[in-house]
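Below, all heavy atoms of this structure are taken into account, side chains as well, without hydrogens, waters or symmetry copies. Here, residue 1 is the first one in the sequence, and each next residue gets the next number.
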Amino acid sequence: QVQLVESGGGLVQAGGSLRLSCAASGRIIGFYVVGWYRQAPGQQREFLASLTNVGTINYADSVKGRFTISGDNAKKTTYLQMYNLKPEDTALYSCNLRKIGLDVWGQGTQVTVSS
């Protein structure tokens with residue numbers, strides 16, 4: 001049974017930085033994709049970045065140059081480093097693991113950016 005737990009969110013001023021973590025537990029074998037998403041109240045869930053087991057990375061245009069995704073296989077943890085945060089980045093940030101037969105979400109960590 002795979003579970004994901006996000007951490008690292010908080011309240012920051014515009015221009016600040018946060019590093020989010022997505023820690024996985026359980027057995028994960030073969031091809032998979034870990035993605036970071038966010039959702040603000042009244043908004044659709046938005047894709048931010050993804051990382052595959054073979055190191056392929058994709059970013060949404062909205063966060064290119066500000067957000068960096070990385071992973072630590074030994075810790076089974078995926079990170080999202082966020083710089084130059086803006087008020088419009090305020091949202092619940094969640095991680096997702098997808099592979100054949102599996103689609104798991106964490107509970108999310110709140111990021112609030114004040115102006």
Heavy-atom check, side chain of W105 versus side chain of R45, under 4.5 Å: yes
Would you give me the side-chain donor-acceptor pairs under 3.5 Å for residues 7-31, sequence neighbours excluded?
from: R19; atom 1: NH1; to: Q81; atom 2: OE1; distance (Å): 3.4

With no hydrogens and no angle check, do the side chains of E88 and S62 hold a donor and an acceptor under 3.5 Å apart?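 Side chains of E88 and S62: no pair found under 3.5 Å.
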Using the rule that two of Ile, Leu, Val, Met, Phe, Trp, Tyr join whenever any of their side-chain heavy atoms come within less than 4.5 Å, decide whether L80 and L85 are in one cluster. yes
Compile the donor-acceptor pairs under 3.5 Å between side chains in residues 47-56 and protein atoms, sequence neighbours left out, one pair per line.
from: T52; atom 1: OG1; to: V54; atom 2: N; distance (Å): 3.2
from: T52; atom 1: OG1; to: G55; atom 2: N; distance (Å): 3.4
from: T52; atom 1: OG1; to: T56; atom 2: N; distance (Å): 3.1
from: N53; atom 1: OD1; to: Y32; atom 2: N; distance (Å): 3.1

How close do D61 and K64 get, counting heavy atoms only, and between which atoms? OD1-NZ, 3.1 Å
Got a list of side-chain donor-acceptor pairs under 3.5 Å for residues 90-98, not counting sequence neighbours?
from: T90; atom 1: OG1; to: P87; atom 2: O; distance (Å): 3.0
from: T90; atom 1: OG1; to: V113; atom 2: N; distance (Å): 2.9
from: T90; atom 1: OG1; to: V113; atom 2: O; distance (Å): 3.4
from: Y93; atom 1: OH; to: R38; atom 2: NH1; distance (Å): 2.9
from: Y93; atom 1: OH; to: D89; atom 2: O; distance (Å): 2.6
from: N96; atom 1: OD1; to: R98; atom 2: NE; distance (Å): 2.9
from: N96; atom 1: ND2; to: D103; atom 2: OD1; distance (Å): 2.7
from: N96; atom 1: ND2; to: V104; atom 2: O; distance (Å): 3.0

Give a yes or no on whether Q110 atom CD has more than 12 heavy-atom contacts from other residues, nucleotides or ligands under 6.0 Å away. yes
So, taking the atom named OH in Y79 and the one named OG1 in T68, what distance separates them when rounded to the nearest 0.5 Å?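 Going from the OH atom of Y79 to the OG1 atom of T68 covers 14.0 Å.
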Is E6 reaching over with its side chain to a backbone N or O of Q107, donor-acceptor style, under 3.5 angstrom?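 Pair found, side chain donor or acceptor close to backbone of Q107.
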Among V63, V34, N58, I57, side chain to side chain contact (heavy atoms under 4.5 Å, CB included) partner for I69: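 Going through V63, V34, N58, I57 one by one, the side chain to side chain contact (heavy atoms under 4.5 Å, CB included) with I69 is satisfied by I57 alone.
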